[in-house]
Amino acid sequence: MNHWLVKSEPEAYSWDTFTQEKGTAWTGVRNYQARNNLNQMQPGDLVLFYHSVSEKAVVGVAEVAGPAAPDATAEAGSPWVAVQLRPVQALARPVPLAALKADTRLHQLALLRQSRLSVLPVRPEEFDAVLELGQS
DNA sequence: GCCAACGTTGGC
DNA sequence: GCCAACGTTGGC
């Protein structure tokens, strides 16, 4: 099983909306590297849900509920794909970007190295470290 | 194939 | 509001 991180501006699509809707198709990704990551997702993979810009914190854990499929919001025949995500649980405490940066276990975190990419791989030990930071 | 111009993202 | 990083576009 692989681990990932997806970003969303909470003003555009928030964790709260995500949980209220009990999941969503993760559409709108228009970057080839991010698309490649989406293509590698498998049902059951766990995904950190990060609020960018206004909050800058990991706020919850989602699960890949379906494999990558053509993004219905993109032009037919385009290369863009989406996966189905569903919420697993909110973190007891959101983990701010500053806390990610401050933790030596997370110095290799892809988010910190490539902050603009919206779909990023996470190593299992990094995933565990973030969950630990998110415990109350 | 190179590179300047430009647009977008996201942290500060 | 600014700016760094980075992707895309288009002229040459």
Side-chain angles (χ1 to χ4, degrees):
Chain A
M1 180 182 57
N2 292 315
H3 299 79
W4 311 92
L5 181 146
V6 297
K7 295 194 297 193
S8 181
E9 294 191 35
E11 290 74 20
Y13 189 80
S14 69
W15 171 261
D16 281 351
T17 304
F18 180 59
T19 53
Q20 281 159 24
E21 295 179 348
K22 299 181 166 50
T24 193
W26 205 254
T27 57
V29 172
R30 297 292 183 269
N31 169 283
Y32 282 99
Q33 206 176 340
R35 180 208 62 168
N36 293 343
N37 289 333
L38 287 177
N39 271 327
Q40 288 181 43
M41 289 187 182
Q42 296 294 327
D45 284 0
L46 294 176
V47 183
L48 297 172
F49 194 109
Y50 177 82
H51 274 166
S52 65
V53 183
S54 56
E55 187 177 355
K56 290 182 294 247
V58 179
V59 294
V61 177
E63 179 184 17
V64 177
D71 183 341
T73 69
E75 239 179 276
S78 75
W80 308 119
V81 300
V83 295
Q84 190 70 27
L85 296 182
R86 66 166 166 250
V88 174
Q89 64 170 4
L91 297 184
R93 289 188 304 164
V95 181
L97 180 62
L100 300 175
K101 287 183 171 176
D103 194 304
T104 56
R105 295 171 296 177
L106 299 173
H107 282 174
Q108 302 293 317
L109 192 66
L111 175 70
L112 303 180
R113 305 190 150 239
Q114 219 177 339
S115 66
R116 289 189 49 200
L117 192 58
S118 63
V119 182
L120 298 146
V122 177
R123 296 174 184 173
E125 61 272 24
E126 293 170 338
F127 188 88
D128 291 343
V130 173
L131 287 196
E132 187 188 311
L133 293 173
Q135 287 170 4
S136 55

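Each chain gets a letter, A, B and so on, in the order the sequences are listed, and its residues count up from 1. Being a predicted model, the structure only gives us computed values, none of them experimental.
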Test side-chain contact (heavy atoms from CB on, under 4.5 Å), reference A:Val119, set A:Asn31, A:Leu38, A:Asn39, output is A:Leu38
Once you round it to whole Å, what is the distance between C1' of B:dC12 and CG of A:Leu112?
15 Å
In terms of ring plane angle, is the pair A:His51 and A:Phe49 parallel, tilted or perpendicular, where the classes change at 30° and 60°?
perpendicular
To the nearest Å, how far apart are A:Glu9 CD and B:dT9 C1'?
8 Å
Rounded distance in Å - CG (A:Leu117) to P (B:dG10):
9 Å
For the pair A:Phe18 and A:Trp26, name the ring-plane relationship: parallel under 30°, tilted 30 to 60°, perpendicular over 60°.
perpendicular
Rounded to whole angstroms, how far apart are NE2 on A:His51 and P on B:dG11?
12 Å
Taking only N and O in the side chain of A:Lys7, is any of them less than 4.0 Å away from OP1 or OP2 of B:dT9?
no
Tell me, do A:Val64 and A:Leu85 make a side-chain contact under 4.5 Å, heavy atoms counted?
yes
Nearest whole angstrom, please: distance from the P of B:dG10 to the CG of A:Leu100.
15 Å
Check the interface with nucleotides 2-8 of chain B: list each N/O to N/O pair with the protein under 3.5 Å, or write none.
from	atom 1	to	atom 2	distance (Å)
B:dT8	O2	A:Arg116	NH2	3.0

Nearest-angstrom distance from the residue atom OH of A:Tyr50 to P of B:dG10
9 Å
What is the minimum heavy-atom distance between A:Pro121 and A:Asn37, and which atoms define it?
CD-ND2, 3.8 Å
Could A:Asp71 and A:Arg30 be called an ion pair, given the rule that one side-chain N must be under 4.0 Å from one carboxylate O?
yes
Rounded to whole angstroms, how far apart are OH on A:Tyr32 and C1' on C:dT9?
13 Å
Rounding to a whole Å, what distance do you find between A:Glu55:CD and B:dG11:C1'?
15 Å
Taking 4.0 Å as the cut-off, does a side-chain nitrogen or oxygen of A:Lys101 come that near to OP1 or OP2 on B:dC12?
yes
